[in-house]
Every structure is written in structure tokens, then in C-alpha cells.
Protein chains: 2
Amino acid sequence: MSNKHVFIEKLRSSGLRPTKQRIEICKLLFDRKDTFHFSISDLKNNLENVSSKKISLATIYNTIHAFTGKGYLKEISINSDKTYFDTNTSDHHHFFDENKKKLIDLNDNDVGKIKIKKILPGKKIKSIEVLVRITNDN
Amino acid sequence: MSNKHVFIEKLRSSGLRPTKQRIEICKLLFDRKDTFHFSISDLKNNLENVSSKKISLATIYNTIHAFTGKGYLKEISINSDKTYFDTNTSDHHHFFDENKKKLIDLNDNDVGKIKIKKILPGKKIKSIEVLVRITNDN
DNA sequence: CACTACATTAGAATCATTATAAATTATGAT
DNA sequence: ATCATAATTTATAATGATTCTAATGTAGTG
Ligand SMILES: [Mn+2]
Ligand SMILES: [Mn+2]
Ligand SMILES: [Zn+2]
Ligand SMILES: [Zn+2]
């Protein structure tokens with residue numbers, strides 16, 4: 001309700017038609033204070049709870065990929081059976097809790113600056129990501 | 001030929017029976033000076049070239065997982081459609097060439113020490129991996 | 001040799017993701 | 001508002017890596 005119009009503008013301004021499916025997904029992803037991480041199946045489940053009208057799985061994939069392409073989401077590099085997405089699109093790093101299968105943000109204070117000294121001719125760096133795998137202590 | 005006996009010992013000493021399939025795979029993976037990265041399909045193709053007798057796909061998976069469990073291989077964290085493995089089992093980081101879909105080692109000189117300042121109670125760090133995605137320059 | 005646990009194998013099953021192609025909808029112009 | 005058109009949604013099928021199954025084969029032990 002609150003930000004529906006903001007989302008419509010956001011979508012329009014990036015060349016995406018503001019359909020009810022996309023707006024519904026925007027509300028779930030962006031209408032909150034804190035950023036978070038999710039898989040497609042997480043999102044699918046949330047949509048089923050929150051919303052009455054069903055959004056097809058193909059549309060969920062289409063939308064998330066469109067949002068990622070526009071820079072509204074980040075895809076996170078984990079070798080897992082599922083792909084994870086992040087509503088925090090700033091450069092930052094992650095813990096991956098292997099028991100809970102959950103990502104946790106590491107901000108820049110938590111990780112020193114990463115400096116890559118090796119250069120490969122003809123190549124440029126696209127991203128630098130640190131993944132810290134954690135497990136239960138005992 | 002050269003190291004076959006070494007491989008047999010290596011397998012035996014870790015409780016794996018030295019079958020001809022495992023020895024064949026050992027020769028391909030470990031009978032060389034430099035370490036390297038591969039996917040299961042890479043390995044499958046190599047085996048088809050090098051060897052005449054076919055090794056079933058299930059056995060390739062079984063063997064690679066067994067070797068990974070014994071610490072002879074490392075699984076590399078990339079969000080890709082395939083899983084990559086590394087015959088370099090030391091702690092080190094990677095470039096991932098998104099054009100060639102190839103991993104390239106970064107040694108410790110190339111990346112400063114990573115220090116994680118955040119601590120989560122009840123959790124311990126299992127691994128710290130840096131992935132630097134690179135693409136063609138122009 | 002004979003026994004048994006471990007391995008290999010072909011093929012089926014799984015499951016996340018992508019492709020297809022028909023139906024629906026948003027948008028801009030008449 | 002009505003139309004035309006391209007964008008979008010959708011159900012469903014296809015893909016492809018990985019895992020499972022259950023039958024067959026083999027290595028190690030005595
Ligand atoms: Mn994996
Ligand atoms: Mn992906
Ligand atoms: Zn994050
Ligand atoms: Zn490596």
C-alpha cells in the first residue's frame with residue numbers, strides 16, 4: 001500500500017512495465033527496512049502466503065532476473081543447490097551458515113579491504129566476493 | 001605407469017580400495033606437475049580420450065566425492081550450473097574468468113590476508129574463500 | 001577357493017532452472 | 001474509448017547436473 005506508487009515509478013523508469021505481479025514482488029522485496037537474502041523457493045513461499053492471487057513460477061524467475069539485470073538485486077556466489085539473491089546491492093561480503101543454509105552480511109568493518117595484486121592482461125575485475133563458511137561450534 | 005603404485009598406496013592408506021577406475025582417475029588428476037581445476041564433464045571428456053575402457057558417470061561422481069571427502073580434492077564455490085573441483089587443496093583464492101568459464105589460482109601473495117572481525121556465537125569458521133570475477137577488458 | 005563388504009554400473013529419479021508457445025495485458029496512438 | 005502492438009504472464013515441457021536404485025562385479029581376507 002504505502003510505496004506502491006514508488007514501485008510503479010521505479011519500474012517505469014527502468015523500462016519495466018509495472019504489472020501487478022512485479023509490484024507484488026517489489027512489495028515483498030523492497031518494502032522493508034532491512035535488506036535480506038532469499039532463494040526463489042523462499043520467495044515463492046512468501047508470495048503464496050502474502051498474496052491470494054498466484055504468480056506463476058516462470059514469472060517469479062523472469063521478474064527476479066529482470067530485477068537483477070536492472071541492479072535491484074544481486075546474485076550471490078555460493079556453490080549450493082539453489083541460487084541466492086540479495087536485496088543489499090552494495091559491495092559486501094557474506095557468512096554462509098551451512099547448518100541453516102542462510103547468508104549473513106559482513107560489512108566493510110568486518111572484513112579488511114581486499115587488495116588483488118595479480119593482474120591478467122586483457123581482463124578486468126568485475127567483482128570481488130568473500131564467502132566465509134561457518135558451521136555449528138561443537 | 002610411473003606412479004601407479006603410489007596411487008594404490010594412497011588409496012589403500014585412506015581406506016579406499018584401489019580399483020582400476022580410481023587408479024585411472026588418479027592418474028589423470030594427480031600424475032602431473034601443476035594443479036588444476038575441473039568440472040565433472042571436463043573429467044568425463046578427458047577420461048574418454050585417455051582411456052579406452054569406459055568409466056560410468058556414476059563412478060566418476062562417486063570417486064570425486066570420495067576423493068573430496070578424503071581431502072584429495074577441494075570443491076570450489078562458484079554459483080554456476082556446474083560444480084568445480086580443484087587438485088590444489090591448499091587454502092587459496094580464485095579468479096573466475098566469466099568468458100572462458102575457467103578458474104585461475106590466486107596465491108597468498110596475490111591477496112592480502114583476510115581477517116574476519118565479526119564473530120557469531122556458537123559458530124566456527126570452516127573456510128574463507130575469495131572469488132574475483134573477471135571478464136574481457138574491452 | 002569362498003565369503004563378504006565394498007564398488008561399479010545403467011538407468012531412473014530428482015530438482016532447479018530455462019525454453020516454448022499460447023493467452024493476457026500495458027501502453028501509446030487513433 | 002477502441003485498436004494495434006509489443007511486452008508480459010502462464011502452464012507446461014525440456015534441460016541438465018546431480019543423486020538414487022538395485023543389480024552385478026570385484027578386492028581383500030582367511
Ligand atoms: Mn555442491
Ligand atoms: Mn546462475
Ligand atoms: Zn548480503
Ligand atoms: Zn585453485
Side-chain angles (χ1 to χ4, degrees), chain A residues 4-5 7-26 28 37-48 51-70 72-73 75-85 101 103, chain B residues 4-5 7-26 28 37-48 51-70 72-73 75-85 101 103:
Chain A
K4 182 166 168 175
H5 220 267
F7 296 139
I8 292 180
E9 274 321 299
K10 179 176 182 158
L11 291 167
R12 277 227 180 80
S13 72
S14 53
L16 297 173
R17 289 183 179 178
T19 64
K20 60 178 178 307
Q21 292 87 345
R22 284 172 177 164
I23 293 165
E24 196 64 30
I25 291 175
C26 275
L28 259 178
H37 310 96
F38 64 95
S39 67
I40 294 289
S41 57
D42 293 338
L43 179 56
K44 185 168 137 62
N45 292 336
N46 276 338
L47 285 167
E48 278 164 8
S51 172
S52 49
K53 48 245 149 166
K54 178 195 171 183
I55 299 180
S56 89
L57 183 58
T59 297
I60 297 175
Y61 274 99
N62 289 342
T63 301
I64 294 310
H65 286 151
F67 287 4
T68 303
K70 296 300 181 182
Y72 300 150
L73 293 172
E75 201 177 329
I76 303 294
S77 297
I78 291 188
N79 197 10
S80 163
D81 39 356
K82 303 178 170 186
T83 295
Y84 288 81
F85 295 89
K101 306 286 179 203
L103 285 160
Chain B
K4 182 165 169 177
H5 220 267
F7 297 138
I8 291 180
E9 274 321 300
K10 179 175 183 158
L11 290 167
R12 275 225 184 81
S13 73
S14 53
L16 298 173
R17 290 185 178 175
T19 64
K20 59 180 178 306
Q21 292 86 346
R22 285 172 177 165
I23 293 165
E24 197 63 32
I25 292 174
C26 275
L28 258 178
H37 310 96
F38 64 94
S39 66
I40 295 287
S41 57
D42 293 338
L43 179 56
K44 186 168 137 63
N45 291 336
N46 276 338
L47 285 167
E48 279 165 7
S51 173
S52 50
K53 48 242 150 171
K54 177 192 171 184
I55 299 180
S56 90
L57 184 57
T59 297
I60 297 174
Y61 274 99
N62 289 342
T63 301
I64 294 311
H65 288 150
F67 287 4
T68 303
K70 296 300 181 183
Y72 301 150
L73 293 173
E75 201 177 328
I76 303 295
S77 296
I78 290 188
N79 196 10
S80 162
D81 39 356
K82 304 178 170 183
T83 296
Y84 287 80
F85 295 89
K101 307 286 180 205
L103 285 161

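In this text, all values refer to a predicted model and were calculated from it rather than measured experimentally. Chain identifiers are assigned alphabetically (A, B, ...) following the order of the sequence lines, protein sequences preceding nucleic acid strands; residue numbering begins at 1 within each chain.
If you take CD of B:E75 and P of D:dT18, they are 9 Å apart, rounded to a whole angstrom. Rounded to an integer number of Å, the gap from CG of B:N62 to P of C:dA5 is 19 Å. Residue A:I25 contributes atom CD1, which lies 8 Å from atom P of D:dT9 at whole-angstrom precision. Nucleotide D:dT18 holds its P atom 12 Å from the CG atom of B:L43, rounded to whole Å. D:dA17 atom P lies 15 Å from atom CG of B:N79, rounded to whole Å. Counting to the nearest Å, the P atom of C:dT9 and the CD atom of B:E24 are 12 Å from each other. Nucleotide D:dT26 holds its P atom 18 Å from the CG atom of B:L11, rounded to whole Å. Between the CZ atom of A:F85 and the C1' atom of C:dT17 there is a distance of 10 Å, given to the nearest Å.
Checked by atom type, the side-chain pair A:K82/A:S41 shows a donor-acceptor distance below 3.5 Å. A:N62 and A:T59 form no side-chain donor-acceptor contact under 3.5 Å, judged by distance and modelled atom types alone.
A:I23 has its side chain within reach of A:I8: a pair of non-hydrogen atoms, C-beta onward, lies under 4.5 Å apart. Using a 4.5 Å cut-off on side-chain heavy atoms (C-beta onward), A:C26 and A:F67 make contact.
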*Using a cut-off of 4.0 Å between protein heavy atoms and nucleotide atoms, how would you tag nucleotides 24-30 of chain C 5' to 3' with B, S and -?*
--BS---

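OP1 and OP2 of D:dT18 both lie 4.0 Å or more from every side-chain N or O belonging to B:H65. The side chain of B:T83 places an N or O atom within less than 4.0 Å of a non-bridging phosphate oxygen (OP1 or OP2) of D:dT18.
Contact between A:F85 and A:E75 at its shortest, heavy atoms only, is CE2-CG, 3.9 Å.
For A:S56, the side-chain atoms get nearest to D:dA11 when compared with the rest of D:dA11, C:dT17, D:dT8. The side chain of A:Q21 lies closest to D:dT9, out of C:dT17, D:dC20, D:dT9. Closest contact between the side chain of A:T59 and the listed nucleotides D:dT10, C:dT17, D:dT18 involves D:dT10.
B:L57 comes within 4.0 angstrom of a base, heavy atoms only. Heavy atoms of B:K54 sit under 4.0 angstrom from primed sugar atoms or phosphate atoms, though from no base atom.
With respect to B:E24 and B:K20, no salt bridge is recorded, no charged nitrogen being found less than 4.0 Å from a carboxylate O.
Residues B:Y61 and A:R22 both approach DNA chain D. Their nearest nucleotides, taken by heavy-atom distance, put A:R22 toward the 5′ side.
Note that the CD1 atom of B:I64 and the CD1 atom of B:I25 stand 5.5 Å from one another [nearest 0.5 Å].
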